[in-house]
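Proteins come first, then strands; the chains are lettered A, B, ... in the order of their sequence lines, and each starts at number 1. Every heavy atom of this structure was used, including side-chain atoms; hydrogens, water molecules and symmetry mates were not.
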Amino acid sequence: MSMPLEELNYIGLSEIPAMENSEKLASKGLNLKATELRLGLPGSESPERDNGLGVLKGFTSGAKRGFSDTINGDSGKWVFTGNGGSEVDLGKNGALFSPRSVNGSGSECTSLKEVVPLSPKAVHEKKPQISAVNGHGVAPAAKAQVVGWPPIRSFRKNSMAVNPPKSDEDAKLGSGCLYVKVSMDGAPYLRKVDLKTYSSYMELSSALEKMFSCFTIGQCGAHGVPLRDGMSESRLMDLLHGSEYVLTYEDKDDDWMLVGDVPWEMFTVSCKRMRIMKSSDAIGL
Amino acid sequence: MAKSFPEEVLEHVFSFITSDSDRNAVSLVCKSWYEIERWCRKRVFVGNCYAVSPRILTRRFPEVRSVEIKGKPHFADFNLVPEGWGGCVYPWISAMAGAYPWLEEIRLKRMVVSDEALELISTSFCNFKVLVLSSCEGFSTDGLASIAANCRKLRELDLRESEVDDLSGHWLSHFPDTWTSLVSLNIACLGSEVSFSALERLVARSPNLRTLRLNRAVSLEKLHNLLCRAPQLVEFGTGAYSSELRPDVFSNLAGAFSGCKQLKGLSGFWDLVPAYLPAIYLTCSGLTSLNLSYATIQSPDLVKLVSQCRNLQRLWVLDYIEDIGLDALAASCKDLQELRVFPSDPYVVDPNVSLTERGLVAVSEGCPKLQSVLYFCRQMSNAALVAIARNRPNLVCFRLCIIEPRAPDYLTLEPLDAGFGAIVEHCKELRRLSLSGLLTDRVFEYIGTRGRKLEMLSIAFAGDSDLGLHHVLSGCESLRKLEIRDCPFGDKALLANAAKLETMRSLWMSSCSVSFGACKLLGQKLPRLNVEVIDERGSPYSRPESCLVEKLYIYRTVAGPRIDMPPFVWTIDEDAALR
């Protein structure tokens, strides 16, 4: 099933080198300039339920919240990673999107997938493919997937997606602190923060700014915006939107995600490390 | 000369006939029975909302109190039906608002329900008691607030697995303090937190509350407050079942659970922390239904739990249970009737857990009452399927999903035709079957000839040619619903068996080999079928007729072609005009 495509295309990270990748893209006539950046809840609504009209719908399962008031149809912005890294080694490139790790050991993407429909014969291709995405911030997998297979309902898929892997979690629960490394592009050394000492994105953001203020050139403006917890995720993005830096984190599935999309508690449980990335690293800006 | 009974007597007799098919049969006996029956039918089931129109319904049955309507085809659950396809309930509500002021129950499945529809429901039916929205979408918590505020006699609100635009949790507070008739509440699909104190007060003033399914946002520490206020609960769904390990939380919880002496069913258990499982141990011996399909705990913990549930009839669980856990299940739960094993990590090719065909074979051996199976696994063999078929000839529903499409028998590398053939041969009461793995046309021959009671068949990545489809359509006397994806089935089989399609509720085919020309032919020749071509590449009229259609949905109808089609759906009518 081909989804009605917005003028948005997504470059799936693949094994082929970056040059080939972009050539391949160019030959497919993908218009990167048209790739707009969006801030959206990855999987904030089932992408497969996209009605192609750019209307966001709310989302039910897990503890995710809708973003309908912050996102304005398809005029939102993606925050893009670097050169669309040639390797799928996410640690090195800090790639934002979450292609499945090529050896297949990656567990399910935390966001819902959208794929180019395959011919009836096509099955689980081992070769990663370029996937098209709808306008709603879905990070597809590097390994091509068949739509609707295996036959699992969206509600279940979404519930499982926000489930942190069980084994590590039991150890974490009840422990007093949750230290994660924070790196910043251009900074000579990393810092560590204890996520348990914060109760919201707002607090984390302020703390990080204080920690890294010596390295930043410009500061975020508009700190005085009061945040209600339900809205803090999106407001944080509004804050960072004004700066030249973007805050990202690596989650339990080794995927690099935009900070602020999921409820705070879910973030603390799934965040392994963070990276403050230059916005200018993003293509298309 | 025979004197017929007075109408009142017949009506009284008919009141004992409740099943829809019996009622339908009664109405066919003669004109007067038709008239009497239609005036006293209280409950109507519409299996396909486009098979009949609201007007036809309300004209024929003027005294309906309870309505159940289904919308989108089943494959919509797996995102094969594009958004906007249809299934909107508003026209139904609008028609019933006028015709059935005494309507009490509405049950909808896979329909698009807007907030306006919910509001209309809440204001149109003064005796409204039951609202069940199963896998529905299109509404927000604002719509729920209308229901809460206006339905003074509401007893049941069940949102099972619907997709709700969750604006806030405030809607629950719209239930007035004077409202005490709640019997069943299921909000498990909602994301945002409802006010806990509102929930508490609600539970406290609902002495008839039997079913309460909370959403993930309700924290574990607070559960005991609710359970203590509702010791009469029969079905309970927890929220997130995790918390820091605190003895006071544990003892409160265990105490509260032990107070619920009538508890028969448990569900929820998101983020389950094994340390808190013992809190429910005291309830285990009474449990008949357990849904652990969101609990990501390992086999040893599952085994400990399940071995205590001697009266279990239904178990939904993740494949973390593994073969070893299913062995324990087979040993402990001799009353088991339904088993569903869901995949914990369906998108990786290599198995992440040790769950194979052996587990299912063990359960089929050990559980004599097993009738319904849904099983996701990564390997299967003909030998295992034959064993299962021989062990469990009483199977009624068998749905097997081998995760890799076209996977052969892993021992012999042969197709699984023989295995599924054995299933349909031995399980003579089989009503529902879902196939997977490597299958040739031969398995369809078995199904066509032996699947005499089969009502619903799901096929994916199977078959070699039209012959496969032909076997099914020319056999399977009881077939009502057929759904097919990614199979090489095409025009010949469809056209040869066109008449069969009028005896079925619906046929879905996607990514198969049906040409537009064949669709046109079907639509022209069979006016009582709606032949819908779903194609997002643009109008099929702009391409040669031999081009294959993306998706095809054919259903019988007395309502004619529908008028609410989105731009990517084309229907063929007698003059094959573009609609």
Side-chain angles (χ1 to χ4, degrees), chain A residues 1-4 45-53 57-66 68 100 104-109 113 117-121 123-124 126 141 143 145-157 159-160 162-167 169-170 173-174 230 263 269, chain B residues 75 77-80 82-84 135 137 140 161-168 189-192 216-217 242-245 270-271 273-275 293-294 296-298 320 342-350 352 376 401 403-406 460-461 485-488 510-513 536-537 550-551:
Chain A
M1 156 176 93
S2 37
M3 297 306 301
E45 60 292 313
S46 303
E48 298 91 339
R49 293 209 175 272
D50 180 17
N51 62 7
L53 301 177
K57 296 176 61 149
F59 184 68
T60 60
S61 78
K64 292 190 173 178
R65 297 174 173 82
S68 25
R100 192 145 309 269
S105 67
S107 48
E108 180 177 0
C109 282
K113 292 155 278 294
L118 304 176
S119 69
K121 288 292 178 198
V123 173
H124 288 300
K126 294 279 187 187
K143 188 172 84 153
Q145 297 209 357
V146 181
V147 173
W149 190 267
I152 297 168
R153 305 173 72 172
S154 304
F155 181 75
R156 176 165 302 281
K157 266 196 287 200
S159 289
M160 294 308 292
V162 303
N163 241 334
K166 40 180 182 31
S167 35
E169 255 353 87
D170 295 343
L173 280 168
V269 149
Chain B
F75 271 177
D77 282 353
F78 316 126
N79 306 306
L80 290 179
E83 190 71 12
S135 305
E137 53 161 353
S140 76
E161 293 182 341
S162 290
E163 219 176 287
V164 184
D165 190 0
D166 211 335
L167 303 173
S168 86
C189 62
L190 294 182
S192 63
R216 199 170 184 165
S242 74
S243 172
E244 288 184 0
L245 302 176
W270 287 281
D271 315 313
V273 168
S293 62
Y294 298 105
T296 53
I297 53 172
Q298 302 275 41
Y320 290 131
F342 294 96
S344 51
D345 206 348
Y347 301 106
V348 293
V349 177
D350 302 318
N352 59 324
F376 284 81
C401 179
I403 288 179
E404 183 74 22
R406 302 195 184 87
F461 305 104
R485 63 162 296 174
D486 294 277
C487 297
S510 56
S511 306
C512 295
S513 308
E536 288 170 285
R537 299 169 297 178
E550 274 181 357
K551 301 174 188 188

If we ignore hydrogens and angles and just use 3.5 Å, is the side chain of A:Arg153 paired with the main-chain N or O of B:Ser135 as donor and acceptor?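 Not a single qualifying donor-acceptor pair exists.
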Please name all residues satisfying side chain to side chain contact (heavy atoms under 4.5 Å, CB included) with B:Ser293, sequence neighbours left out, ordered by chain then number.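 Testing B:Ser293 for side chain to side chain contact (heavy atoms under 4.5 Å, CB included), a comparison that skips the adjacent residues, returns A:Arg156, B:Asn291, B:Trp316, B:Phe342.
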Show the numbers, then the answer: is there a side-chain contact (heavy atoms from CB on, under 4.5 Å) between B:Phe461 and A:Val146? CA-CA 11 Å; B:Phe461 305 104; A:Val146 181; 3.8 Å; yes
Please find the pair of heavy atoms, one from B:Phe376 and one from A:Pro151, that lie closest to each other, and give the distance.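 Closest pair (atom of B:Phe376, atom of A:Pro151, distance): CZ-O, 3.3 Å.
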Which atom pair, heavy atoms only, marks the closest approach of A:Ser159 to B:Trp270?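 Minimum heavy-atom contact is OG-NE1, 3.8 Å.
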Taking C-beta and beyond as the side chain, do B:Tyr347 and A:Pro150 meet within less than 4.5 Å on heavy atoms?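 B:Tyr347 vs A:Pro150: side chains touch.
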